[in-house]
Amino acid sequence: MAERGVDVSALPQEVREQLAELDLELSEGDITQKGYEKKRAKVLSPGPSSASAPEPGPSNSSSSSSRHRRTRRPHRSSGTRDERYRSAKISQPFILKKKTFCLFDFHFKFEKMALPMPTKRRSTYVQSPIDNCTPPDSSSSSDDEAVSSESAGPQQSPDTWINSSLHGSSTSSSASSTLSHGESRHTQAPQPQSQQVPPPPAPARGSRVDLPSNAVVRGMSRGQSRSSMMETADGVPVSSRVSTKIQQLLNTLKRPKRPPLSEFFMDDQEEIVEVPQADPNTPKPEGRQIIPVKGEPLGVVSNWPPALQAALARWGATQGKSPALTALDITGKPLYTLTYGKLWSRSVKLAYTLLNKLGTKNEQIIKPGDRVALVYPNSDPGMFWVAFYGCLLAEVIPVPIEVPLSRKDAGSSQVGFLLGSCGVGLALTSEICLKGLPKTPTGEILQFKGWPRLKWVVTDSKYLTKPSKDWQPHIPTANTDTAYIEYKASKEGTVMGVAVSKVAMLTHCQALTQACNYCEGETLVNVLDFKKDMGLWHGVLTSIMNRIHTISVPYAVMKACPQSWVQRVHIHKARVALVKCRDLHWAMMAHREQRDTSLASLHMLIVADGANPWSVSSCDAFLNVFQAHGLKPEVICPCATSPEAMTVAIRRPGVAGAPLPARAVLSMTGLSHGVIRVNTEDKNSALTVQDVGHVMPGALMCIVKPDGPPMLCKTDEIGEIVVNSRAGGTMYYGLSGVTKNTFEVIPVNASGTPIGEIPFVRSGLLGFVGPGSLIFVVGKNEGLLMVSGRRHNADDLVATALAVEPVKTVYRGRIAVFSVTVFYDERIVIVAEQRPDASEEDSFQWMSRVLQAIDSIHQVGLYCLALVPANTLPKTPLGGIHISDTKQLFLEGALHPCNILMCPHTCVTNMPKPRQKQPVGVGPASIMVGNLVAGKRIAQAAGRDLGLIEDQDLVRKVNSDLHLAVCTATCVQLHKRAEKIAAALMERSGINIGENVVLLYPPGIDLIAAFYGCLYAGCIPVTVRPPHPQNLSATLPTVRMIIDVSKAACILTTQVLTKILRSKEAATTVNIKTWPIIIDTDDLPRKRPPTIYKPPNAEMIAYMDFSVSTTGMLTGVKVSHAAVSVLCRSIKLQCELYSSRQIAICLDPYCGLGFNGYECHQSILIPPMELEISLTLWLGTLSQYRIRDTFCSYSVMELCTKGLGGQTDILKARGVNLSCVRSCVVVAEERPRLALTHSFSKLFKDIGLSMRAVSTAFGSRVNLAICLQGTTGPDPSTVYVDMKSLRHDRVRLVERGAPQSLPLMESGTILPGVRVIIVNPETRGPLGDSHLGEIWVNSPHNATEYYTIYGEENLQADHFNTKLSFGDPQTLWARTGYLGFVKRTELTDSSGDRHDALFVVGSLDETLELRGLRYHPIDIETSVSRAHRSIGESAVFTWTNLLVVVAELCGSEQDALDLVPLVTNVVLEEHHLIVGVVVIVDPGVIPINSRGEKQRMHLRDSFLADQLDPIYVAYNM
């Protein structure tokens, strides 16, 4: 600024003092730089020297900064490397000149340099053209504007920043790798360290974090001490502490550091996903903050026992004959009754046996505090009771689990995880159960998947030892030691053990007794699982405390006799019944058989799953049916429980005649946004929920937000219920990390302040507190599905599905709802078991109605709805669907559905907007200048100089032997055979010079002889693959088409093929009467032609090359004599093929380089079809003849990889050795198949194949050989490109393993005499090397032109003779029709120059234009093939803007429908495309040509003509 140049000594003393104070404030950080400059300008404004100085502003600062930047610009690197890794040195013009004002000037210059910003690794973002073209530091904007928004944040002191930098913080890492864009990277003369200035920290937007003025290290003489005092311009001394730290920081910045691994690859969600705009009408909570709800005080009763075991001891001694438990048999009749006396005595015997009779005297297996598993069937509650109380008396911790039935039980391995985390080594079971466990052939208990090794102990009474009279179990007062462990399965399927302390167990029993008003001697009917949850708490624990007679109704009895529990209530006059909604439903269905039953005795009908929203209808329906049987409405008591918090709330039994609690009718839309809104309009989108009563006695409860910190909710907000009570779980046993987040939660208020110090336990229940402190539960965390920021409850979706007339189609209780994460959001999947008698039409109608119902009621789209055969879903021990295992089967593709409906179009709403292609409004000159400014070179490359072509005979002669496995021909023999064929052609009338002749031969000498015979006669040979004798209907029409298109005057063929062409079988396919002249060349007379034709010039057509492209187009190209000669010479030069050297060719000799190789060099010819008979033929020939150079196709390589990959030991034993092979070239017109070539190299390296030997060649219709890996060039290079950029026709190199990275291998070294350039196919202008474009080629061996029968050569004439629209408009190029790019590598070629590598990406005609982006089919197909083990080959194409995926099924047909969701998932995840149609077909349906390339257009035509005979077609509409 102008005032920076003011002479301070000339100012008045008062002004100088004010300036000194300002400088001191700035140096101590008491004022910001902006405030400093304002105050300084104010102080100086009256002064004479500043009268003409303009006010400080952006224009001045920018002009000043640009003045200093100008000196740095010549040092700017012209490369496009990441500029963050440049040197941290400051360039020479910043050396200070004047001592007086050096600090001010230096500080000013320093501030105006481009500041370093915290950066993410650039490889994870697409570089925009403006980033590449515009030097970032040349703009005139202020520094504040140049700082990225990511650096915005609270200000920090310099000391803080420096300290964090010195200790290797992320700021240091970012700063070390982020320098001013204008700084040079080239080596400078060494400078004293004192003259190096470190970059300041990145300031926050709108607020500057400035280093104090003493942070600049002044120039020091050699004798000056670094720790000496430093002075400001006015001589104010400041501490050098900050300066020293900056110097240390500078030293750490000398070498750019590699960023830590986490910074390499960052999630690109922000770039891809369309962020939905917030709806202004979204309901938001408006109430006040909730106040914790307190339960009634837990009453103090004098006769409550000090421990639960003491209650059992009391009743066993005083009420020994009182019944404790009655068990039912399978028919529902009483099996046995266990009295309190028997229960006590047996429990004592078991406790004594566990502590004294297991193991030896000196070393007991079980000690107090050890954990043991209780493995008892649901039908034997008596044995379980004895085992449970026996463990409590022995002070051993019981872990009740389900009986394992097989190794593949649902969740079996997770139960093993529970046993392992609890350290269980002993399992208690009954004799009958032990006999039923699966065993090995030797009779031992099977080792279950994931389980630790267990010792099994039978607890039947006859195996227990009676204790001596002086032995009594130790019954301490209840304390905080663990009493038992209850298992709990999480949403992901993980099984954890919730530890319940002795005092919690006792307190819970007391709270339940008070809440339920239990009395001694009552009868309780328990239908629930007695090993856990309500069945254990009420039916096993609280019942003992209150001397209740429990009647246990097993699950098996309920299946056989659904009304059994109602009968037991009637017979025993039970006061309490423990049921689930399922039991209510079953009893209601069988109520006609229960006319004489009475439920008038019931005081409480506890509905264990009353917290489920759809329990209301079950309770109402049951009451409606059984009210006539004495059931009173007030006895129905729903409750809410969780394994962690145990009983959260329970409705108390009401008084007869009192009004029933009101219900909440809530809006589903409001619930999905987490707020409570009463629904008064649309009944369909309303959810009716009933209360679950009040909080338990002695408990404190509040509602907190389910996500993030446990902040208290508002009164009209849905949240997670958290409870503080002595009666609750204490921890997840053995899992301290997970325990803290669940059992030690301290709620905070809106300001983040904890509401107290007492910890709460998360219950996993979602709900709210209603009027009168009634608790309402609307769902569980486990069933919560978060879709697009909205919450949906799995139980609600089940209820909606069940409302759509499900009885005819699916089973009521066998529906699984879960979510899978696909494309950055959760997607809802519903799986149900289909009834065997349901027709496919009924199933689809039901599925479509469910889709509509869920869409209209819940306003959410279903991703997948699948129906599976009956009894195939994994079940829990009590018959429910095992959700996590079902989800796992779905993701693994092992669900085997019989009907499936995918709806990705409706539910995937976060897709990015389709790319809008902008019209090209930039001229050619601008593009060239832009590329040059960005430091990009034009993407072009050339092979080495071909040299002068020696004068040779245009008709080539074979110089030496041609070896075949079946026959050999010397050059003389071949010459004579060619003469015979030429004589036969000349003798025939109607065959003139220059006419086309079709050669119809199997691979071999006959084909080569016929080729040269045609050249001798002046005819143009057209090689055609002969029809397959066993498949004439498919192969003969192609032969006929080529003959008709080429207007062939005659057909040269063998005797066998002549008979086939004229056979009856051929007549059914084509018209055999219209064949041209057919000449059988097997038995021609020995004649010599009168003359051998010599073409008048080298540009005459030598032969025609016909081929069917991958797009299904039959194209013939004319190849001149000159092109053939140059091509042979070019290949010879590239591969160093000397006359003494043989090559082995395993290619089809009918088109492309395969045919050209046959007539280029002395060769060993191996027909690929022979490999189907003898797989080892090719590799064996290479070893036998010590071949150095071989050519093959991808189909040959794949055949060997699949067929011989596991037989390398056998090949080695046979003496096959491939160490002689120097070059194995795969010939193809496609992108190199990197995975296949790597697999081939790795598999056969054991028999000597060098990893460097395998490479690829590339050719096209316009030029049969553009690239071919030679011996003199560098090894083919591999790069990793970003697929997202590739879809935008941009090339951005990334690191290996980066997300969305695609490995590409160089297509071989460019042949001598060949030039290639990358061109924009639309504008026809050359592109920079960071762009994907069409490969154009200039070469003397380009083909001449296309050959067509319609005389429309002009339509495609520009494919062979076209010019660039700018740049070099004189050179003629041929368009290959393939997209690729050129990259200059660090390798050097034979001339010593840096090697330019050509990378082929794919065919331009085959690319898919979807959503405005360019996709290559091979990329999508690679993803599809990885999706499931049963997918063999796959192919993709488009149909009416829909993406169609065809996948071949290699496995069983029951896997067919499993593939549909997996294919949809993988394409959406990896390519951000929605698959419209998935077609599952048999192996071999996808057509593949002789080169191993997929014929996708043929496949598309067959699909549209309905000729595929698919296994399944899924329309994802």
Closer than 3.5 angstrom, by distance alone: can the side chain of [X] be matched with the main-chain N or O of [Y] as a donor-acceptor pair?
X	Y	answer
S413	G450	no
E720	G764	yes
S642	S763	yes
D533	G535	no
W344	G320	no
T876	H882	no
T507	A727	no
T542	W537	yes
Q514	G299	yes
D795	N612	no

Answer whether the closest heavy-atom distance between the side chains of [X] and [Y] falls below 4.5 Å.
X	Y	result
K580	V527	no
Y376	L428	yes
Y518	M545	no
P747	M711	no
L437	P404	yes
L605	L584	yes
L434	I445	yes
L325	P381	yes

Distance in Å, [X] [atom1] paired with [Y] [atom2], rounded so as to fall on 0.5 Å steps:
X	Y	atom1	atom2	answer
T465	L350	OG1	CG	10.5 Å
K435	S430	NZ	OG	10.0 Å
E431	T459	CD	OG1	10.0 Å
K466	K349	NZ	NZ	7.5 Å
Q510	L308	CD	CG	10.0 Å
I650	L512	CD1	CG	6.5 Å

*Report the C-alpha distance between E402 and V415 in whole Å, list the side-chain angles of each, state the deciding distance to 0.1 Å, and finish with yes or no for side chain to side chain contact (heavy atoms under 4.5 Å, CB included).*
CA-CA 9 Å; E402 306 300 339; V415 173; over 6 Å; no

_S773 versus H694, side-chain donor and acceptor atoms under 3.5 Å_ = no

*Under 3.5 Å, is there a donor-acceptor pair between the T647 and T641 side chains?*
no

*asked:* I'd like to know whether S421 forms a side chain to side chain contact (heavy atoms under 4.5 Å, CB included) with Y733, so could you lay out the CA-CA distance, the side-chain angles of the two residues, the decisive distance to 0.1 Å, and finally the verdict.
replied: CA-CA 7 Å; S421 64; Y733 198 91; over 6 Å; no

*asked:* Between E644 and R762, does any NZ, NE, NH1 or NH2 come within less than 4.0 Å of an OD or OE carboxylate oxygen?
replied: no

*Is the closest basic N to carboxylate O distance between K462 and D460 below 4.0 Å?*
no

*C713 vs K705, side chain to side chain contact (heavy atoms under 4.5 Å, CB included): CA-CA, chis, key distance, verdict*: CA-CA 6 Å; C713 290; K705 293 184 184 293; 4.0 Å; yes

_Closest non-hydrogen atom pair, I606 against C639_ = CG2-SG, 4.1 Å

*Over all heavy atoms of both residues, which pair between L578 and G539 is shortest? Give the atoms and the distance, please.*
CD1-N, 4.2 Å

*Could you tell me whether K532 sits above the aromatic face of Y487, with NZ or CZ closer than 6.0 angstrom to the six-membered ring centre and within 45 degrees of the axis?*
yes

_So for atom NZ, which belongs to K449, do other residues, nucleotides or ligands contribute more than 12 heavy atoms lying within a distance under 6.0 Å?_
no

*Verify the neighbour count for atom CD1 of I432: are there more than 12 heavy atoms of other residues, nucleotides or ligands below 6.0 Å?*
no

*Relative to the ring of H549, is the ring of H572 parallel (under 30°), tilted (30 to 60°) or perpendicular (over 60°)?*
perpendicular

*Among all residues two or more places apart in sequence or in another chain, which pass the side chain to side chain contact (heavy atoms under 4.5 Å, CB included) test with S601?*
V569, K573

*For P292, what residues pass the side chain to side chain contact (heavy atoms under 4.5 Å, CB included) criterion, not counting sequence neighbours?*
L700, C702, I755

For residues 385-399, which side-chain N or O atoms pair as donor and acceptor with protein atoms under 3.5 Å away, sequence neighbours left out?
from, atom 1, to, atom 2, distance (Å)
Y389, OH, V540, O, 2.6
E395, OE1, K502, NZ, 3.4

_Step-by-step side chain to side chain contact (heavy atoms under 4.5 Å, CB included) determination, R651 to Q690_ = CA-CA 10 Å; R651 188 191 290 175; Q690 62 182 349; 3.7 Å; yes

